[in-house]
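Below: one structure, written as structure tokens.
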Amino acid sequence: MTQHAYDVESVRAQFPVLNQQGDTPPAVFLDGPAGTQVPQVVLDRMIEALTSSRANLHGNFSTSRRATALIEDARCAVCDLFNARSASEVVFGPNMTTLTISMTRTLAPLFHEGDEIIVTGMEHDGNASPWRMLAAERGLVVKRLDFDPLTYRLQLEELDELITDRTRLIAINYASNLLGTINDVAQICRRARAVGALTYVDAVQYAPHGPIDVQRLDCDFLVASAYKFYGPHIGVLYGRESVLSELRPHKLRIAPDVVPARFETGARSLEGIAGTLGAIEYIEAIGAAYGVADRHVSLERSRTANLHAAFAAMADYEMPLTQRLIEGLRSIDGVTVHGIVDPEDFSERVPTVSVSIDGVHPTAMAEALSDRGIFVWDGHVYAPDVIERLGLTSRGGIVRFGITHYNTAAEIETTLSAVREIVDVNSNAVMTR
Ligand SMILES: Cc1ncc(COP(=O)(O)O)c(C=O)c1O
């Protein structure tokens, strides 16, 4: 593996949106947790799919053969991204939410009245509502594994009481899209397995920042979305092969009845799946250029090793920016950061930083930042249970800053100055009212 010092300008040069020429400087994209920007290699893959492989799958002519091969190449790439045992454990779908709702439909017959499922209090609604709807339909008991609103960590000590011999499934967030906390998924999966419960891991926020190893986690399902890791709008699901092979999803009678194809209903988005392959190739190239050998594991497959090395390099770059952002925000009057703030504990967080600001509504802050060319998300960010637990529902939620490996130290300084200025303008306006 060739190693160079991480070079953010070379990285940024690969993203067309970050290099647009015009009267106004490029926006500061801190909206990564809601969707990252897309490098040229992803666009190239999508264009190639739509020009040289534009056909449905399994036809007996060249474009269709190429399309079929492309989907399988992408499946192998996701297999390596997740370190799954085989590509048959990878299912493509439109997004995480749709894949999850479909999976609840497929799993429904396995659950019986009085069975219990555990959902953490840290979930994005995509990994909460589908299970609650299933529970309402099948008469299941839903238990919540809460988080501590002071430490922003799950209260794992409560698991002993929550898990019983009726527990059938635990839904766990790998990393919170609001707090940024990375959860101890391996431990929860181990505890679930001890009572024969399934585990469903939402890795949507974790996937752009950290190495995933489903074999180490020993989870039954894990879902992610390519548009959060530099790709297009596609959802990807890992399912343990022994579990998938037992499940019977709704499907057309003429569709193949094999794993994983029987979980992919109708025509797939060829261009989306090709773009997902491009996104994984992009991350792999970061690993080849700047990779830091994974500190924790040795991996058999070289693509997986490269991907893990890329995430280590990205984290090494992203975390000092996160530290500066958190310190800067906390030095502004009235700002509270809702998440882990001690750099010693940064291995337990992704670079997603949410704040509330006394006297400034989150939407007003997001709009004022947008006027200055800085894009951030505000409100409940689809995690209403977390907002409620933090007591921020009536305050309009939070403002979320999401750092990724293409952001720069200068962008963080610009953002901090802008937040400070908006808070000052607001408090002067309040004083003169
Ligand atoms: C943690 C988390 N889970 C699930 C989702 C939903 O993903 P999708 O938009 O692919 O349905 C999101 C989207 O923001 C998310 O951040």
Side-chain angles (χ1 to χ4, degrees), residues 29-38 42 78 81-82 90-105 119-133 145 147 152 154 170-183 185 188 199-210 212 217 219 221-238 263-264 268-269 272-273 275-276 279 338-339 348-354 366 375-387 389-390 397-404:
F29 291 102
L30 294 176
D31 61 333
T36 45
Q37 300 304 316
V38 173
V42 169
V78 177
L81 178 70
F82 290 168
V90 174
V91 176
F92 289 110
N95 50 56
M96 176 276 180
T97 305
T98 307
L99 280 167
T100 303
I101 290 177
S102 304
M103 197 44 82
T104 61
R105 305 291 77 224
V119 178
T120 88
M122 221 190 257
E123 299 306 310
H124 179 284
D125 209 39
N127 204 27
S129 279
W131 303 112
R132 294 215 178 95
M133 290 186 288
L145 173 60
F147 73 89
Y152 307 104
L154 288 176
I170 307 186
I172 324 146
N173 208 320
Y174 205 150
S176 162
N177 69 312
L178 196 150
L179 306 172
T181 309
I182 298 172
N183 292 311
V185 172
I188 300 175
T199 41
Y200 197 94
V201 181
D202 173 359
V204 172
Q205 284 297 320
Y206 183 77
H209 302 291
I212 293 177
L217 297 177
C219 53
F221 299 97
L222 179 140
V223 263
S225 287
Y227 76 96
K228 312 278 190 183
F229 59 82
Y230 322 108
H233 287 86
I234 283 289
V236 281
L237 175 140
Y238 155 82
F263 293 90
E264 294 173 350
R268 285 102 171 149
S269 164
I273 294 172
T276 303
H338 299 283
E348 289 178 69
R349 67 140 49 248
V350 291
T352 297
V353 180
S354 294
F375 298 171
V376 299
W377 212 262
D378 68 283
H380 53 59
V381 297
Y382 289 81
D385 294 337
V386 182
I387 292 290
R389 187 72 182 93
L390 296 175
I398 47 85
V399 181
R400 183 179 67 186
F401 303 85
I403 293 176
T404 189

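Each ligand, and each atom within it, is numbered from 1 in the order the structure gives.
Of all atoms in ligand 1, listed by their number and element, those nearer than 4.0 Å to a heavy atom of Asn95 are 8 (P), 10 (O), 11 (O). Within ligand 1, the atoms closer than 4.0 Å to a non-hydrogen atom of Asn177 are 1 (C), 16 (O), numbered from 1 in the order shown. Each of the following atoms of ligand 1 lies closer than 4.0 Å to a heavy atom of Ser225: 7 (O), 8 (P), 10 (O).
In this structure, Tyr174 does not count as a contact residue of ligand 1, since none of its heavy atoms falls inside 4.0 Å of the ligand. The shortest heavy-atom distance from Gly126 to ligand 1 is not under 4.0 Å.
Heavy atoms of Met96 found under 4.0 angstrom from ligand 1 belong to the backbone as well as the side chain. With a heavy-atom cut-off of 4.0 Å, Val204 touches ligand 1 through its side chain alone. Looking at Tyr382 against ligand 1, nothing comes within 4.0 Å, counting heavy atoms.
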Check against side chain to side chain donor-acceptor pair (under 3.5 Å), Ser176 and Asn173: CA-CA 6 Å; Ser176 162; Asn173 208 320; 5.2 Å; no
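Applying the 6.0 Å contact sphere to CH2 of Trp131 captures more than 12 heavy atoms from other residues, nucleotides or ligands. Remark: Phe375 CZ is packed, more than 12 non-hydrogen atoms of other residues, nucleotides or ligands lying under 6.0 Å away.
Considering only non-hydrogen protein atoms, atom 15 (C) of ligand 1 sits nearest to His124 CD2, 3.1 Å. Here the protein heavy atom with the shortest distance to atom 9 (O) of ligand 1 is Tyr227 OH, 2.5 Å. Looking only at heavy atoms of the protein, atom 16 (O) of ligand 1 is closest to Gln205 NE2, 2.8 Å. The protein heavy-atom contact nearest to atom 14 (O) of ligand 1 is Lys228 NZ, 2.5 Å. At the shortest separation from atom 11 (O) of ligand 1 among protein heavy atoms lies Thr97 OG1, 2.5 Å. Of all protein heavy atoms, the one lying nearest to atom 1 (C) of ligand 1 is Asp202 OD2, 3.3 Å.
In this structure, Thr36 contributes its side chain and Tyr230 its backbone to a donor-acceptor pair below 3.5 Å. For the pair Gln205 (side chain) and Pro33 (backbone), a donor-acceptor distance under 3.5 Å is present.
Taking 4.5 Å as the limit, some side-chain heavy atom of Phe401 sits within range of a side-chain heavy atom of Val399. Residues Arg400 and Asn177 meet the side-chain proximity criterion, which asks for heavy atoms closer than 4.5 Å. The side-chain heavy atoms of Val350 and Ile182, taken from C-beta on, include a pair separated by under 4.5 Å. Between Phe229 and Thr404 the shortest side-chain heavy-atom distance does not fall below 4.5 Å.
The N/O atoms of Asn173, backbone and side chain alike, include none that comes under 3.5 Å of an N/O atom in ligand 1.
Contact record, Val386 with Gly121: CG2-O, 3.5 Å, taken as the closest heavy-atom pair.
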